[in-house]
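This report refers to the structure that appears directly beneath it.
Below, chains carry the letters A, B, ... as their sequence lines are ordered, and counting in each starts from 1.
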2 protein chains.
Amino acid sequence: MKGIRQLAEHLDISIGTVSRALNGKPDVKEETRRRVLAAAEELGYVANQSGRSLRQGETKVIGLMIESSQEAVENADNFFLGVTSGLQHVFARHQLDLLMLPCPADEDPCEYLKRMVARRVVDAMIISNTQRVDRRVDLLSRAKIPFAAVGRSLSAGNFPWVDLDFEGVAERAVERLVARGHRRIGITAPSSEVNLGYVFVESYRRALERHGIPFDPSLVIRVKSSEQGGYQAAHELLQLEDRPTAVILIYELMAIGLYRRLMEAGIRIGRDLAVIGFRDAPRARFLQPSLSCFRMSLYDLGIALGQTLLANMPAYRAFYPDGGRNIVWPLELVPGESDAFEVEAQA
Amino acid sequence: MKGIRQLAEHLDISIGTVSRALNGKPDVKEETRRRVLAAAEELGYVANQSGRSLRQGETKVIGLMIESSQEAVENADNFFLGVTSGLQHVFARHQLDLLMLPCPADEDPCEYLKRMVARRVVDAMIISNTQRVDRRVDLLSRAKIPFAAVGRSLSAGNFPWVDLDFEGVAERAVERLVARGHRRIGITAPSSEVNLGYVFVESYRRALERHGIPFDPSLVIRVKSSEQGGYQAAHELLQLEDRPTAVILIYELMAIGLYRRLMEAGIRIGRDLAVIGFRDAPRARFLQPSLSCFRMSLYDLGIALGQTLLANMPAYRAFYPDGGRNIVWPLELVPGESDAFEVEAQA
DNA sequence: ACTGTAGGCGGAAACGTTTTTGGATGTCAA
DNA sequence: TTGACATCCAAAAACGTTTCCGCCTACAGT
């Protein structure tokens with residue numbers, strides 16, 4: 001089976017009518033439609049997507065921009081996979097496919113994005129890991145390409161995003177630790193240029209000040225969100241003159257490195273030092289001692305993200321009437337042993 | 001910038017010449033080519049992919065078929081992400097994009113695949129999790145669609161695949177355990193319809209028999225390769241009259257559940273029971289006691305997979321002259337504490 | 001009997017490329 | 001002067017689809 005032309009000839013019908021029949025358009029007799037559908041099924045005809053895209057000006061493909069370096073992938077852990085899975089769940093309903101767009105490490109992400117958009121290979125984009133000032137957001141907004149982002153940004157005013165409730169996490173973590181008597185609380189975070197890095201630390205600072213605890217910049221450890229980063233964070237904490245009695249981790253994978261370094265130093269987690277983590281993966285539960293952790297469903301986050309995107313695309317808006325924008329995704333605390341102790345009040 | 005037509009008008013040149021200039025074809029004066037390239041750069045022209053695909057009959061997109069159920073994704077862990085990353089590294093060199101094709105849980109994978117191929121939305125396919133008899137392999141072979149698989153299969157005789165060295169793992173695991181005095185060795189595996197499940201157990205059986213140990217089917221535990229599967233596996237092992245002194249896990253994530261159940265039963269891993277795992281993720285090292293594990297680089301596996309595919313596509317074959325097929329990927333043993341003991345000889 | 005209307009359909013244009021064909025120009029040798 | 005050949009380019013065909021336009025028929029209303 002080559003194309004719609006052969007199908008039309010086989011049926012002795014014009015190709016226009018065949019197209020209308022297949023696409024459920026009006027102006028086709030019901031009997032004709034049945035014949036066409038039956039013949040298409042029998043001959044295994046499926047419309048060529050390139051021809052269709054060319055004519056309609058839309059590709060039915062959503063692009064997902066990702067960092068492609070080996071390091072980035074290994075650290076991303078299952079985050080992408082989880083979110084992607086949720087995205088696909090939403091997209092499948094509309095016969096949309098998901099195209100992974102890995103920006104080469106040696107190319108400017110913005111240029112790469114511009115090229116992909118100009119190629120018209122995608123109808124819309126998903127971006128993640130937004131910077132505090134993110135040129136990609138500007139670009140997509142100006143080019144009027146529908147998009148949604150994982151993570152807020154200051155760029156381009158109002159745009160569709162889904163983000164994790166970092167404020168809530170920082171706040172509740174501080175609250176929980178303060179309630180147990182802690183006064184010196186460390187925190188790890190990525191660079192403040194990454195929006196997450198900024199927001200997380202700001203919320204932590206506000207929460208501290210709300211409890212009358214002064215903010216001490218030396219307790220903010222900027223390291224990579226990886227096992228190695230955790231090791232280094234522990235290392236830096238140990239250097240401090242006035243060590244904290246608790247530490248908040250932005251990513252639970254860091255706990256592996258952090259635990260190791262602290263154990264080397266003879267510090268007992270859950271007795272000498274409290275630890276609270278974030279973004280539970282199965283491994284978090286299996287640390288010794290088990291890690292208190294704020295967790296969520298990546299799959300559900302992906303679904304929300306997909307719906308947010310589609311709600312901002314004219315062709316799909318109707319399916320998601322209340323699929324607004326700007327979702328702040330809540331997290332749930334799963335208590336563990338790593339912070340299950342109280343500290344005596346200090347001077 | 002709309003299309004090549006506008007670019008041609010702007011240059012006062014025919015569109016045919018513009019196209020040839022941009023694509024590096026001959027029959028273009030060098031000065032003209034420079035002018036065209038400069039104008040394209042200045043006006044930000046990039047060829048529309050739909051038009052190009054339609055004309056050329058190829059899309060520059062490689063499809064990656066995946067199972068999309070939430071459960072499948074959660075258990076797949078970072079396998080896909082790691083392999084995907086390697087794939088993209090290879091594809092990026094040829095400006096190929098990777099399209100994720102999640103087969104809906106309620107659709108026959110073969111039908112889904114057939115539709116995607118008929119739509120001509122991809123030039124080639126990657127499939128994984130091959131069955132021992134896999135209709136997808138038949139389909140793709142017959143349709144002459146270039147493809148590569150993760151995992152062997154009996155279907156369709158000779159086709160391009162990359163697989164892990166399960167034989168080697170089973171063999172070396174048995175060897176290692178026998179050398180430590182074990183005679184009753186259990187093993188976990190997926191259903192024998194999945195090629196992995198068959199090959200793994202067969203290799204284990206042969207390795208046993210080579211050491212004069214009779215094969216006992218009751219020691220083969222068929223469970224899901226997940227944390228829950230590990231828990232269940234431990235449960236079944238405990239039911240056995242004549243319990244094994246060692247067990248080989250097909251996936252290290254299972255260790256989490258297995259450890260838990262065995263600890264509940266008061267069995268000391270690394271003393272009463274030896275455990276060896278497979279496919280190291282960071283968490284494997286952090287079990288207590290640490291898990292002996294056969295590991296590999298998913299990224300490198302992805303690269304090999306991508307090269308195997310391209311070596312089987314006429315348009316790219318020249319780039320991978322020795323990029324043969326049928327790679328059996330080796331694994332490396334990282335010793336841990338979970339099997340670090342010897343067992344006294346039994347009657 | 002004539003007109004208006006609706007349903008059903010065929011024909012053709014259009015989408016943006018690449019590629020083929022052939023024509024124009026210039027150069028060189030016979 | 002003519003023919004042969006190379007170089008450069010314009011024009012048009014082709015890829016497969018959707019959609020616009022208009023024609024035909026049947027039928028109802030006048």
Side-chain angles (χ1 to χ4, degrees), chain A residues 1-37 39-40 43-61 95 97 115-123 315, chain B residues 1-37 39-40 43-61 95 97 115-123 315:
Chain A
M1 174 51 39
K2 294 291 281 300
I4 200 175
R5 168 169 253 115
Q6 278 71 18
L7 183 57
E9 283 175 6
H10 176 261
L11 285 164
D12 208 25
I13 278 183
S14 82
I15 57 176
T17 304
V18 173
S19 174
R20 284 195 304 271
L22 290 174
N23 293 348
K25 295 290 168 67
D27 279 7
V28 175
K29 200 179 3 178
E30 212 37 57
E31 191 214 328
T32 311
R33 190 188 303 279
R34 272 199 305 275
R35 277 182 54 216
V36 171
L37 289 175
L43 300 182
Y45 169 78
V46 181
N48 177 308
Q49 184 62 41
S50 298
R52 171 179 279 206
S53 297
L54 179 59
R55 171 65 224 219
Q56 305 198 123
E58 60 177 25
T59 60
K60 299 283 181 188
V61 170
Q95 318 253 57
D97 289 318
R115 216 174 62 235
M116 288 304 149
V117 164
R119 275 212 302 164
R120 298 263 159 221
V121 74
V122 296
D123 291 341
Chain B
M1 173 56 34
K2 293 290 279 300
I4 198 175
R5 165 168 256 115
Q6 279 69 18
L7 183 56
E9 284 174 5
H10 176 260
L11 286 163
D12 207 25
I13 277 183
S14 83
I15 58 176
T17 303
V18 173
S19 174
R20 284 195 307 273
L22 290 174
N23 294 348
K25 295 288 168 69
D27 275 8
V28 176
K29 198 174 13 175
E30 211 39 54
E31 191 215 327
T32 311
R33 190 188 304 279
R34 272 201 305 276
R35 274 182 58 213
V36 171
L37 288 175
L43 301 181
Y45 169 78
V46 182
N48 177 307
Q49 185 62 41
S50 298
R52 169 179 278 202
S53 297
L54 179 58
R55 170 67 225 218
Q56 305 198 123
E58 60 176 26
T59 60
K60 299 282 179 188
V61 170
Q95 319 252 53
D97 288 320
R115 216 174 62 235
M116 289 303 149
V117 164
R119 274 211 302 163
R120 299 265 158 218
V121 74
V122 296
D123 291 341

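- The NZ-P distance, from A:Lys2 to D:dC15, rounds to 8 Å in whole Å.
- Classification of A:Glu30 and A:Arg33 as a salt-bridged pair holds, one side-chain N sitting under 4.0 Å from a carboxylate O.
- Comparing D:dC20, D:dC15, D:dA10 against the side chain of B:Leu54 picks out D:dC15 as the nearest.
- The side chain of A:Ile4 approaches D:dT18 more closely than any other nucleotide in the set D:dA10, D:dT18, C:dG8.
- Between the P atom of C:dG10 and the CG atom of A:Asp27 lies a distance of 12 Å, rounded to the nearest Å.
- Side-chain N/O atoms of B:Lys25 include none lying less than 4.0 angstrom from OP1 or OP2 on C:dT18.
- Atom CD of A:Glu58 and atom P of D:dG16 are 21 Å apart (whole Å).
- For B:Ser19 and C:dT18, the shortest distance from a side-chain N or O to OP1 or OP2 is below 4.0 Å.
- The backbone N or O of B:Gly3 lies less than 3.5 Å from a partner atom in the side chain of B:Gln6, making a donor-acceptor pair.
- Here the nucleotide nearest the side chain of A:Lys29, chosen from C:dC9, D:dC8, C:dT18, is C:dC9.
- In this structure a side-chain-to-backbone donor-acceptor pair under 3.5 Å is present from B:Asp123 to B:Thr59.
- Mapping A:Arg20 and B:Thr17 onto DNA chain D by nearest heavy atom places B:Thr17 at the nucleotide closer to the 5' end.
- When distances are taken from the side chain of A:Thr32 to each of C:dC9, D:dT19, C:dG16, the shortest belongs to C:dC9.
- Going from atom CZ of A:Arg5 over to atom P of C:dA13 covers 13 Å, rounded to whole Å.
- The nucleotide whose nearest atom lies closest to any side-chain atom of B:Ser14 is, among D:dC9, C:dC9, C:dG10, D:dC9.
- Taking atom CD1 on B:Ile15 and atom C1' on D:dA10, their separation rounds to 10 Å, with Å as the unit.
- The nearest whole Å value for the distance from the CZ atom in A:Arg52 to the C1' atom in C:dT17 is 20 Å.
- We find that A:Asp12 and A:Arg35 are not joined by a salt bridge, their nearest charged nitrogen and carboxylate oxygen being 4.0 Å or further apart.
- The side chain to side chain contact (heavy atoms under 4.5 Å, CB included) test with A:Val18 is passed by exactly one of A:Asn23, A:Thr32, A:Val28, A:Leu7: A:Leu7.
- Note on A:Asn23: a side-chain N or O is less than 4.0 Å away from OP1 or OP2 of D:dT18.
- Atom C1' of nucleotide C:dG7 and atom CD of A:Glu31 are separated by 14 Å, given to the nearest angstrom.
- One atom, CD of A:Gln49, and another, P of D:dC15, lie 19 Å apart when rounded to the nearest Å.
- When distances are taken from the side chain of B:Arg55 to each of C:dC9, D:dT17, D:dA14, the shortest belongs to D:dA14.
- With distances taken from any side-chain atom of A:Gln56 to the nucleotides C:dT20, D:dG16, D:dT18, the minimum falls on D:dT18.
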